[in-house]
Amino acid sequence: MIAEDAVLLREGLVGLLERFGHAVPAAVGDGPALVAAVLEHAPDVVIADVRMPPDYTDEGLRAIRELQAVRPSLAVLVLSQYVEQTFADELLDARAGVGTGYLLKDRVGDVEEFVDAVVRVADGGLVVDPEVVRQLLARRRDPLARVTAREREVLALMAEGRSNAAVARALVVTEAAVSKHIASILAKLDLPPAPDDHRRVLAVLAYLRG
């Protein structure tokens, strides 16, 4: 399901996703239409712009909040023209990172990476734009004194939704080394018992929230 008021981008996203084998039951241009379409079609994931008619403020997020009340497990990927830290904070806090993505619209240009992000969010993962990660962290003091510099690099890449293999390639280390770093991070954060994938999400949220 797509909610985007710019017609060219909206139709482009539909064509892009369909080219990769995904069905798009509806594509709309405002918040109320998004709510109605989701309730009618029950999609696996919603891709929504933050700002839409009539006021171009936070219509997309308001529609998501309304949908959360009736479908709390709905996966959501939010698109934004630029980093809006308050909206990013609200989205991550409200959804606890489960099936959540926040990307800048520029990322759509990297077609395969964008489609992969959509799939990861639909599967319950967390995907945060690298620039969003950078700005969220830049305004906060280091919240994790026990985490090493290398472990912070691993966390930043995890926040982008990267797999262990992708983190290993980015840092030019082995997957075994990445697994060791992640185990150390989880131990230092003293996270509650949960499936490994969810603990990874909790670790990223702890890092971003400070």
Side-chain angles (χ1 to χ4, degrees), residues 1-68 70-92 94-95 97-136 159-163 166 201:
M1 190 75 63
I2 296 171
E4 166 60 55
D5 64 287
V7 177
L8 289 179
L9 178 56
R10 184 170 71 237
E11 295 306 314
L13 289 172
V14 172
L16 172 62
L17 291 168
E18 290 180 341
R19 179 154 60 90
F20 279 80
H22 303 290
V24 183
V28 300
D30 59 64
L34 170 61
V35 172
V38 169
L39 295 178
E40 178 182 355
H41 296 285
D44 295 318
V45 59
V46 166
I47 302 172
D49 191 2
V50 171
R51 300 175 183 271
M52 290 188 290
D55 299 324
Y56 294 95
T57 54
D58 64 344
E59 289 77 10
L61 287 183
R62 278 190 275 143
I64 289 168
R65 285 198 295 269
E66 185 175 342
L67 288 167
Q68 278 183 293
V70 292
R71 290 197 61 195
S73 63
L74 178 67
V76 175
L77 174 58
V78 171
L79 298 179
S80 182
Q81 190 66 43
Y82 50 87
V83 179
E84 302 181 78
Q85 293 180 349
T86 300
F87 294 161
D89 281 336
E90 179 184 338
L91 183 70
L92 293 171
R95 297 186 56 82
V98 178
T100 304
Y102 190 103
L103 293 179
L104 297 182
K105 291 184 178 180
D106 289 347
R107 303 297 169 192
V108 178
D110 190 330
V111 172
E112 292 188 0
E113 183 175 325
F114 174 73
V115 173
D116 181 59
V118 173
V119 172
R120 279 182 278 145
V121 170
D123 287 341
L126 171 67
V127 177
V128 183
D129 193 283
E131 182 60 21
V132 176
V133 173
R134 188 189 70 77
Q135 292 199 28
L136 285 176
E160 296 173 23
R162 301 202 194 192
S163 65
V201 170

> Does atom CG of D44 have more than 12 heavy-atom neighbours from other groups under 6.0 Å away?
Replying inline: no
> Under the side chain to side chain contact (heavy atoms under 4.5 Å, CB included) test, which residues partner P25, sequence neighbours left out?
Replying inline: M1, H41
>> For the backbone of D110 and the side chain of E113, can you confirm whether one donor and one acceptor N or O come within less than 3.5 Å of each other?
In response: no
>> Tell me if a side-chain donor or acceptor on E11 pairs with a main-chain N or O of L9 at a distance below 3.5 Å.
In response: no
> For the residue pair V76 and V45, what are the closest heavy atoms and their distance?
Replying inline: N-CG2, 4.4 Å
> CZ of R51 to CD of Q81: how many Å apart, nearest 0.5 Å?
Replying inline: 10.5 Å
> Do you know the tightest heavy-atom contact between E112 and F20?
Replying inline: CG-CZ, 4.2 Å
>> Please give me the minimum heavy-atom distance between G29 and P53, naming the atom from each residue.
In response: O-CD, 3.2 Å
>> Working to the nearest 0.5 angstrom, can you tell me the gap between R62 CZ and D58 CG?
In response: 4.5 Å
>> Distance check, rounded to the nearest 0.5 Å: L13 atom CG versus K105 atom NZ?
In response: 9.0 Å
> What are the two closest non-hydrogen atoms of A63 and L34, and how far apart are they?
Replying inline: CB-CD2, 3.9 Å
> How about L77 and F114: do any of their side-chain heavy atoms sit closer than 4.5 Å?
Replying inline: yes
> So, the side chain of Y102 versus the backbone of E84: is there a donor-acceptor pair under 3.5 Å, distance only?
Replying inline: yes
> Taking NZ, NE, NH1 and NH2 as the nitrogens, is one of them in D5 or R10 under 4.0 Å from a carboxylate oxygen of the other?
Replying inline: no
> Rounded to the nearest 0.5 Å, what separation is found between the CD1 atom of I64 and the CD atom of E66?
Replying inline: 11.5 Å
> Is D129 reaching over with its side chain to a backbone N or O of L104, donor-acceptor style, under 3.5 angstrom?
Replying inline: yes
>> Would you compute the distance between atom CG of L79 and atom CD of E4 and round it to the nearest 0.5 angstrom?
In response: 7.0 Å
>> Give me the atom names and distance for the closest heavy-atom approach of V28 to A33.
In response: CB-CB, 3.7 Å
